[in-house]
Amino acid sequence: MILPPGLLHTAPLRGETTSSLICRIASRYGLEAKALRSSWRWRNHQPKHEGGTCRADVEVLLNAAGRQLLADLCGLEEHVLARALPSWGREDARLPAADAGEPAAAWQIGGAVAGPVAFGCRLCTARRTGTAGRAVLYAPRWNRVCTACAVAP
């Protein structure tokens with residue numbers, strides 16, 4: 001059963017990757033991330049390691065219609081997402097123009113978009129979102145120890 005967009009409010013974490021937020025939204029709706037990602041038309045393939053496994057440090061760039069769709073799924077206004085997601089508003093040449101109206105997305109490696117990424121602290125993610133799970137955040141190497149929990153994320 002697919003729920004209407006925005007039924008479950010899902011707020012982004014400050015500095016979170018858009019890819020991470022999409023995964024958390026899917027989990028919130030009881031879906032696999034792959035099922036939710038089918039809502040966008042993808043312009044390239046997800047980056048993988050040499051061994052063929054999917055990378056955890058990926059980012060998603062969205063066109064205007066794709067950003068609106070994500071905002072609807074979160075139950076938030078776009079300006080809220082723009083403040084929290086460093087990749088918000090960044091586009092890719094492979095994405096259709098804003099007037100196309102079709103939600104589209106392109107994969108990038110997170111470090112090439114807005115700096116290095118790392119897994120966020122699971123305890124802080126659970127405390128801030130109300131659900132267990134992992135989040136991927138933009139974080140410089142010297143800022144990867146969670147001061148709230150005093151553990152490495």
Side-chain angles (χ1 to χ4, degrees), residues 1-76 78 80-122 124-126 128-129 131-141 143-144 152-153:
M1 178 174 112
I2 297 181
L3 303 171
L7 185 61
L8 298 174
H9 174 80
T10 306
L13 296 169
R14 184 178 172 96
E16 186 172 13
T17 66
T18 303
S19 175
S20 172
L21 178 61
I22 290 171
C23 290
R24 289 192 314 103
I25 293 168
S27 175
R28 194 77 191 253
Y29 281 96
L31 301 170
E32 289 188 30
K34 184 177 183 178
L36 184 60
R37 287 193 300 253
S38 69
S39 301
W40 288 270
R41 181 171 177 124
W42 292 88
R43 300 301 179 164
N44 60 347
H45 297 283
Q46 185 173 0
K48 297 184 178 191
H49 292 287
E50 284 185 27
T53 58
C54 293
R55 295 178 64 129
D57 64 341
V58 294
E59 181 57 290
V60 172
L61 301 179
L62 305 170
N63 68 350
R67 289 189 297 270
Q68 181 60 56
L69 174 61
L70 184 61
D72 291 344
L73 289 169
C74 288
L76 298 170
E78 286 192 47
V80 174
L81 295 171
R83 281 196 318 263
L85 304 175
S87 69
W88 193 263
R90 295 185 189 205
E91 292 202 17
D92 188 282
R94 293 170 285 206
L95 297 174
D99 59 350
E102 175 184 43
W107 292 104
Q108 289 283 333
I109 295 173
V113 175
V117 298
F119 290 113
C121 171
R122 286 184 181 266
C124 288
T125 300
R128 291 179 184 142
T129 64
T131 59
R134 72 175 191 187
V136 181
L137 310 166
Y138 287 98
R141 288 195 161 118
N143 195 22
R144 291 190 182 173

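Computed from a predicted structure; not experimentally measured. In what follows, every heavy atom counts, from backbone to side chain, and hydrogens, waters and symmetry copies are set aside.
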Legend entry - Closest non-hydrogen atom pair between Ala84 and Pro86, with its separation: O-CD, 3.3 Å
Inset, instruction - Evaluate the side-chain contact (heavy atoms from CB on, under 4.5 Å) criterion for residues Thr10 and Leu73: first the C-alpha distance (whole Å), next the side-chain angles of each, then the deciding distance (0.1 Å), finally the verdict. - result: CA-CA 8 Å; Thr10 306; Leu73 289 169; over 6 Å; no
Legend entry - Smallest separation among heavy atoms of Leu76 and Ala11, with atom names: CD1-CA, 3.8 Å
Inset, instruction - Report yes or no: does Asn63 contribute a side-chain atom to a donor-acceptor pair with the main-chain N or O of Ala104 at less than 3.5 Å? - result: yes
Legend entry - Within-4.5 Å side-chain heavy-atom neighbours: Leu62 and Leu69: no
Legend entry - Residue list, salt bridge (charged side-chain N to carboxylate O under 4.0 Å, His left out) with Arg43, at least two apart or on another chain: Glu102
Inset, instruction - Take atom NE2 of His49 as the centre, draw a 6.0 Å sphere, and report whether it contains more than 12 heavy atoms from other residues, nucleotides or ligands. - result: yes
Inset, instruction - Output the distance between atom OG (Ser19) and atom CZ (Arg37), rounded to the nearest 0.5 Å. - result: 6.5 Å
Legend entry - Sole candidate of Cys74, Pro12, Ser20 that passes side chain to side chain contact (heavy atoms under 4.5 Å, CB included) when paired with Ile25: Cys74
Inset, instruction - Using a 4.5 Å cut-off on heavy atoms from C-beta on, say whether the side chain of Ile22 contacts that of Trp40. - result: yes
Inset, instruction - Could you tell me the separation between the CD atom of Gln108 and the CG atom of Asp57, rounded to the nearest 0.5 Å? - result: 11.5 Å
Legend entry - Greater than 12 external heavy atoms within 6.0 Å of Arg14's CZ: no
Inset, instruction - Drop me the distance from Cys23's SG to Arg28's CZ, to the nearest 0.5 angstrom. - result: 15.0 Å
Legend entry - Least distance between heavy atoms, Ala26 atom then Ala33 atom: CB-CA, 3.6 Å
Inset, instruction - Would you give the length of the straight line joining atom OG1 of Thr17 to atom CG of Leu137, rounded to the nearest 0.5 angstrom? - result: 7.5 Å
Legend entry - Point-to-point distance, once rounded to the nearest 0.5 Å, from CG of Leu70 to CH2 of Trp88: 5.0 Å
Inset, instruction - Would you indicate whether Gln46, at its atom CD, is surrounded by more than 12 heavy atoms from other residues, nucleotides or ligands within a distance under 6.0 Å? - result: yes
Inset, instruction - Determine yes or no for a side-chain-to-main-chain donor-acceptor pair under 3.5 angstrom, with Asn44 supplying the side chain and Trp107 the backbone. - result: yes
Inset, instruction - Could you list the residues that satisfy side chain to side chain contact (heavy atoms under 4.5 Å, CB included) with Ser87, not counting sequence neighbours? - result: Thr18, Glu59, Leu61, Val113, Tyr138
